[in-house]
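Numbering starts at 1 and runs along the sequence shown.
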Amino acid sequence: MSFKVLLTDYEFVHLDYEEQVFKESGLDIEFIKAQCKTEEDVIEQAKEADALLNQYAPISKRVIDSLEQTKIISRYGVGVNTIDLDAAQAKNITVANVPDYGMEEVSNHALALLLSWARKVTLLNNEVKQGNWDFKACVPIHRFDKQTVGVLGFGRIPRRFIEKVKPLGFQTAAYDPFVSAEDMAAVGVRKLELDEIIRESDYLSVHVPLIKETHHLLNAERFSQMKKNAVIINTARGPIIDEAALAEALAQGKIAGAALDVVEEEPISKTSPLLQMDNVIITPHSAWYSEEAMVELRQKAAKNIVQVLKGEKTPYALT
């Protein structure tokens, strides 16, 4: 029996890792590579596909309803906001992701953004390069043990992030309605409600998934509740933050700064006011990346497909 696997879109230089997984599977797989940008592109390419391997192309209800024999949609990455999970479940299509490939990388990147802000490394670097050799450019800086790092979400990545933060001396707290106070206390973290963590955090690191309930979770109202010295760190998804409200809060001094690896629309617009602000650090959605993480991601995404086509259940199934 032969299978058609459609790669809806990709930005990799080569596909050797995926092809190797399919070759070693023992299955007769035709691997079709596409660069779909729209729903129409996916519908046209995917009608007869037994599996979809997806990066960014939209897999909406309309797309899913058009699929004739697809058994699995496997996504490169953790977030599945590009895929209509309810529609897939209604058609008994497995949706799988790779939730653990970049745990070290993303937690390290969040830590790097935190430390850059806490010691104002980026600011001082820019000042020195502009001819200002003066520590007063970074005033004030406070000891870590006088500050609280709060995390939104307490899954794999924020737990690992907190494990790396705690030895530095920071106080730590977390908001996650699905994790008990006892579980958090077991690793030395205070459980707070959303309004509490908004008010108490000196650094607030975002690690929740992008779903309807978290869209613009951080908005003008919540910025107004934060400490004036507060800094927001986001390595999750851009639309969790209302970017226009963030820019306004920063401009008005309602909060001190932001360190962002993700923004609402990527790549960021050249006209974004965030690019003109000295109290904003932005990296290009690179938190996930290391050479090792990229290989793991691609191999596991392909293995999801192999397992389902063999009639097995992938451990990363979401539906």
Side-chain angles (χ1 to χ4, degrees), residues 79 81 106 109-127 130 132 136-142 147-153 158 161 173-176 192-287:
N81 48 291
V106 178
H109 201 87
L111 179 64
L113 294 174
L114 166 65
L115 291 176
S116 182
W117 244 107
R119 292 300 306 171
K120 300 189 179 176
V121 174
T122 301
L123 170 65
L124 288 169
N125 172 72
N126 293 341
E127 288 289 325
Q130 291 167 18
N132 182 22
K136 292 190 290 295
C138 71
V139 171
I141 284 179
H142 296 285
Q147 301 176 87
T148 295
V149 174
V151 293
L152 298 183
F161 171 63
Y175 163 75
D176 192 319
L192 297 178
E193 296 304 316
L194 182 58
D195 287 343
E196 292 175 322
I197 205 165
I198 292 292
R199 290 194 303 267
E200 292 190 26
S201 295
D202 297 286
Y203 299 93
L204 185 64
S205 192
V206 180
H207 299 280
V208 293
L210 177 59
I211 55 177
K212 182 180 179 181
E213 291 76 13
T214 62
H215 183 267
H216 286 185
L217 180 67
L218 297 181
N219 50 38
E221 180 182 357
R222 294 213 163 97
F223 296 142
S224 68
Q225 298 170 356
M226 298 182 77
K227 295 179 177 181
K228 286 193 173 182
N229 66 288
V231 174
I232 293 171
I233 300 165
N234 190 6
T235 54
R237 287 292 183 271
I240 296 167
I241 297 176
D242 181 337
E243 207 164 282
L246 172 64
E248 184 176 351
L250 290 165
Q252 294 178 356
K254 291 182 178 179
I255 61 173
L260 311 172
D261 185 57
V262 288
V263 292
E264 285 207 68
E265 292 187 16
E266 298 179 1
I268 192 169
S269 169
K270 293 180 180 179
T271 62
S272 171
L274 297 177
L275 295 178
Q276 309 305 317
M277 294 180 171
D278 292 336
N279 55 347
V280 178
I281 300 171
I282 302 179
T283 55
H285 203 148
S286 58

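- Side-chain contact, Asp261 with Thr283: a donor N or O sits under 3.5 Å from an acceptor N or O.
- Considering every non-hydrogen atom in both Thr271 and Ser269, the closest pair reads OG1-OG, 2.8 Å.
- Applying the side-chain contact (heavy atoms from CB on, under 4.5 Å) criterion to Leu123, with sequence neighbours excluded, gives Lys120, Glu127.
- Minimum interatomic distance between Ala256 and Asn279 (heavy atoms only, all atoms of both residues): O-ND2, 3.1 Å.
- At least one donor-acceptor pair under 3.5 Å links the side chain of Ser201 to the backbone N or O of Ile197.
- Val263 has its side chain out of reach of Asn234: every pair of non-hydrogen atoms, C-beta onward, lies at least 4.5 Å apart.
- Applying the salt bridge (Lys or Arg N to Asp or Glu O under 4.0 Å) test to Glu200 and every residue at least two apart in sequence or in another chain returns Arg190.
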Item to complete: For Val121 and Arg119, run side chain to side chain contact (heavy atoms under 4.5 Å, CB included): C-alpha distance rounded to whole Å, both residues' side-chain angles, the deciding distance at 0.1 Å, then the answer.
Response: CA-CA 5 Å; Val121 174; Arg119 292 300 306 171; 4.0 Å; yes

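- The CG atom of Asn126 sits 9.0 Å away from atom CG of Leu124, with the distance rounded to the nearest 0.5 Å.
- Between the CD1 atom in Ile281 and the CG atom in Leu274 there is a gap of 12.5 Å [rounded to 0.5 Å].
- Results of the side chain to side chain contact (heavy atoms under 4.5 Å, CB included) test with Tyr203 over Ile232, Val149, Thr148, Leu113 single out Val149 as the only residue that passes.
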Item to complete: Kindly indicate, with the supporting measurements, whether the criterion side chain to side chain donor-acceptor pair (under 3.5 Å) is fulfilled by Glu266 and His285.
Response: CA-CA 8 Å; Glu266 298 179 1; His285 203 148; 2.7 Å; yes

Practice prompt. For side chain to side chain contact (heavy atoms under 4.5 Å, CB included), just list the numbers for Val231 and Ile255, CA-CA rounded to whole Å, side-chain angles, deciding distance to a tenth of an Å, and then say yes or no.
Written response: CA-CA 7 Å; Val231 174; Ile255 61 173; over 6 Å; no

Side-chain donor-acceptor contacts of residues 237-252 below 3.5 Å, not counting sequence neighbours, with atom names and distances?
| residue | atom | partner | partner atom | Å |
| --- | --- | --- | --- | --- |
| Asp242 | OD1 | Ala244 | N | 3.3 |
| Asp242 | OD1 | Ala245 | N | 3.2 |
| Glu243 | OE1 | Glu264 | N | 2.7 |
| Glu248 | OE2 | Gln252 | NE2 | 3.2 |
| Gln252 | OE1 | Lys254 | NZ | 3.3 |

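- What you find for Ile141 and Ala118 is that their closest heavy atoms are CG2-O, 3.6 Å.
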Worksheet entry | Criterion side chain to side chain contact (heavy atoms under 4.5 Å, CB included) on Asp176 and Val151, from CA distance to verdict | CA-CA 9 Å; Asp176 192 319; Val151 293; over 6 Å; no

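- Judged as a salt bridge (Lys or Arg N to Asp or Glu O under 4.0 Å), the pairs with a partner in residues 217-232 (not counting sequence neighbours) are, in order, Asp202-Lys227.
- Interatomic distance, Leu114 CG to Phe161 CZ, rounded to the nearest 0.5 Å: 5.0 Å.
- Under the 4.5 Å side-chain criterion, counting only non-hydrogen atoms from C-beta, Val208 is in contact with Val206.
- With sequence neighbours left out, Glu196 forms a side-chain hydrogen bond (donor to acceptor under 3.5 Å, both in side chains) with no residue at all.
- Here the CD1 atom belonging to Ile233 is positioned 11.0 Å from the CG atom belonging to Leu152, to the nearest 0.5 angstrom.
- Counting only residues at least two apart or in different chains, side-chain hydrogen bond (donor to acceptor under 3.5 Å, both in side chains) contacts with residues 206-215 comprise Ser205-His207.
- With rounding to the nearest 0.5 angstrom, the CG atom of Leu260 is 5.5 Å from the CD1 atom of Ile282.
- Thr122 OG1 to Asp278 CG: the interatomic distance, rounded to the nearest 0.5 Å, is 11.0 Å.
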